[in-house]
K.L.:
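Just passing along the structure, written as structure tokens.
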There are 2 protein chains.
Amino acid sequence: MQKDTLCLGLLSLGPRSGYEIKQMFEGPLSDFYSLSFGTIYPTLNKLQDEKYVSCKQLSQSKKPDKKVYTITKKGKDLMKDNLLGDASAYIRSGNFGDQIKSEFFLLLLFAKYLPQETLDTVLNERVLFLRQKLEQFKYDGPVPSDLQALRNEKSVAFIRGLATTLIESGLNYMEKNRGKLN
Amino acid sequence: MQKDTLCLGLLSLGPRSGYEIKQMFEGPLSDFYSLSFGTIYPTLNKLQDEKYVSCKQLSQSKKPDKKVYTITKKGKDLMKDNLLGDASAYIRSGNFGDQIKSEFFLLLLFAKYLPQETLDTVLNERVLFLRQKLEQFKYDGPVPSDLQALRNEKSVAFIRGLATTLIESGLNYMEKNRGKLN
DNA sequence: GGGTATCTATATCAGGTTGATATATATAAT
DNA sequence: ATTATATATATCAACCTGATATAGATACCC
């Protein structure tokens, strides 16, 4: 999916600044996708130039100004078109896997070159990290409106359930089988 | 982990050509990490220049020549040093998650903009793909020596078990809950 | 008050990676 | 003979990331 479509998609959930879009990528979306500032800001400028989004400069008390982008009718149309094209391309591509770079799995793979103690720490930290992730996905209390917009999506309920299941079974496996690494 | 260390790590399992390293990234390693030819070939050349690997040009019947790289003592030392540094950096970084770009999850996220039929196809293809992956991870019969070298690693047994568990629980969840997307 | 740290916010850019493309040998199929 | 496919190496434009710069504002501490 191209960055344009992705930014439009996130803006379709409600008006946001570039900084807030980045925050979504660092928060709940981090497990599925991410974009850097160096991609987000130029993309928003381009989308604005081409009238797919409108922009309001907003003064804030206690914080610097921010530029809040709102998706336009033209933007929504482009987003839907692109999404349809992306889905078709995905199906035609024949490649249904995800693109992953996992430092953790590489370290595991070369575990025999690491001191036992280092490997233990790596595993312990990963387990703690996953437990935290699990709590986040399970948490159902109040959240900022950014996240609430995501949470209201029917699809997000499905995704959160899937993530919870995956993390739980992963943790379970690791706790039962980590002895096999020694 | 830098590409140098990764290539050295894979060569530590046995001598290989750049093409064969790429095949590993497209095969069993694809779920954890990948590098492109544009990264692999220059890295091997650099490693050879600096004597971390040696290279033998090999004539093959029925196939073009290939350059087979073998890790040197100097290379193994560098690899172990770097691995140790990477593990420490991983621990110190405080970021224990993986870097993921998932077209599938993005399409799910914006499911409401897709026709039911398209979404169904996306899900069906993903399920078929995961079933295939599962078979691959479970398969225990004879494989080419490249893969056998990987399989003999104690850590790979752990990783294969983990992957199997994750895919199985993911498939299970998707089959039971996909109705929630409608 | 001054120093420092942190958070919000936007922007830019060098450096590195990808995905595409080029080239070449050899087999197999049509 | 032509096309397609697999092996094999190499290069490069286009793109993205991670780092860095800049700046307003709050907060803490001595």
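To find a chain, count down the sequence lines: A is the first, B the second, and so on, and within it residues start at 1. Computation of the quantities below employed the complete heavy-atom set of this structure, encompassing side-chain atoms and omitting hydrogens, waters and symmetry-equivalent molecules. Owing to the predicted nature of the structure, the values given are computational and were not obtained by experimental measurement.
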K.L.:
Could you tell me how far apart B/I21 (CD1) and D/dT9 (C1') are, to the nearest whole angstrom?
P.N.:
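So the CD1-C1' distance, B/I21 to D/dT9, works out to 13 Å.
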K.L.:
Could you check which of C/dT10, C/dA9, D/dT7 has an atom nearest any side-chain atom of B/Q60?
P.N.:
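Nearest listed nucleotide: D/dT7.
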K.L.:
Will you find, in the side chains of B/N182 and B/Q116, an N or O donor that is under 3.5 Å from an N or O acceptor?
P.N.:
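Side-chain D/A pair, B/N182 to B/Q116: present.
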K.L.:
For this output row, return yes or no: ring centroids of B/Y90 and B/F96 closer than 6.0 angstrom.
P.N.:
yes
K.L.:
Between atom CG in A/D65 and atom P in C/dA11, what is the gap in whole Å?
P.N.:
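A/D65 atom CG is separated from C/dA11 atom P by 12 Å.
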K.L.:
Nearest to the side chain of B/Y41 - D/dT9, C/dT27, C/dT18?
P.N.:
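Closest nucleotide to the B/Y41 side chain: D/dT9.
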K.L.:
Just the rounded figure in Å: distance from P of D/dG24 to CD of A/Q57.
P.N.:
13 Å
K.L.:
So, does B/Q148 use its side chain to make a donor-acceptor pair with the main chain of B/P142 at under 3.5 Å?
P.N.:
no
K.L.:
Counting only side-chain heavy atoms from C-beta out, which of D/dA8, C/dA9, C/dG19 sits nearest to B/S36?
P.N.:
C/dG19
K.L.:
As a test of reading the structure: which of C/dT12, D/dT7, D/dT26 is closest to the side chain of B/Y19, going by heavy atoms?
P.N.:
D/dT7
K.L.:
Could you tell me the separation between the CD atom of B/Q2 and the C1' atom of D/dT17, rounded to a whole number of Å?
P.N.:
16 Å
K.L.:
Taking only the side-chain nitrogens and oxygens of A/T39, find out if one of them lies under 4.0 Å from OP1 or OP2 of D/dC15.
P.N.:
no
K.L.:
Taking the side chain of B/F37 as its heavy atoms from C-beta onward, which of D/dA10, C/dT12, D/dG24 lies nearest to it?
P.N.:
D/dA10
K.L.:
Out of C/dA11, C/dT12, D/dT9, which has the shortest distance to the side chain of B/S17?
P.N.:
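Closest nucleotide among those given: D/dT9.
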K.L.:
Please confirm whether the shortest side-chain N or O distance from B/K62 to OP1 or OP2 of C/dA28 is below 4.0 Å.
P.N.:
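No, no such contact exists.
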K.L.:
Does A/K101 make a side-chain N or O approach to OP1 or OP2 of C/dT18 shorter than 4.0 Å?
P.N.:
yes
K.L.:
Is B/K74 positioned over the aromatic face of B/Y52, cation under 6.0 angstrom from the ring centre and no more than 45 degrees off axis?
P.N.:
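Positive - B/K74 is close enough to the ring of B/Y52 and near enough to its axis.
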K.L.:
How long is the line joining CD of B/Q48 and C1' of D/dA10, in whole Å?
P.N.:
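Whole-Å distance recorded here is 14 Å.
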K.L.:
Would you indicate which nucleotide in D/dA8, C/dA9, C/dT12 comes nearest to any side-chain atom of A/P42?
P.N.:
C/dT12
K.L.:
Please report the distance, rounded to the nearest Å, between CD in B/Q99 and C1' in D/dT17.
P.N.:
9 Å
K.L.:
Taking for each residue the nucleotide of DNA chain D bearing the nearest heavy atom, is the 5' side occupied by A/K63 or by A/G38?
P.N.:
A/G38
K.L.:
Once you round it to whole Å, what is the distance between C1' of C/dA9 and OH of A/Y69?
P.N.:
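Value for this atom pair: 11 Å.
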K.L.:
In whole angstrom, give the distance that lies between atom CG of A/L35 and atom C1' of D/dC15.
P.N.:
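Rounded to the whole Å, the gap is 12 Å.
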K.L.:
Determine whether the aromatic ring centres of residues A/F158 and B/Y173 are separated by less than 6.0 angstrom.
P.N.:
yes
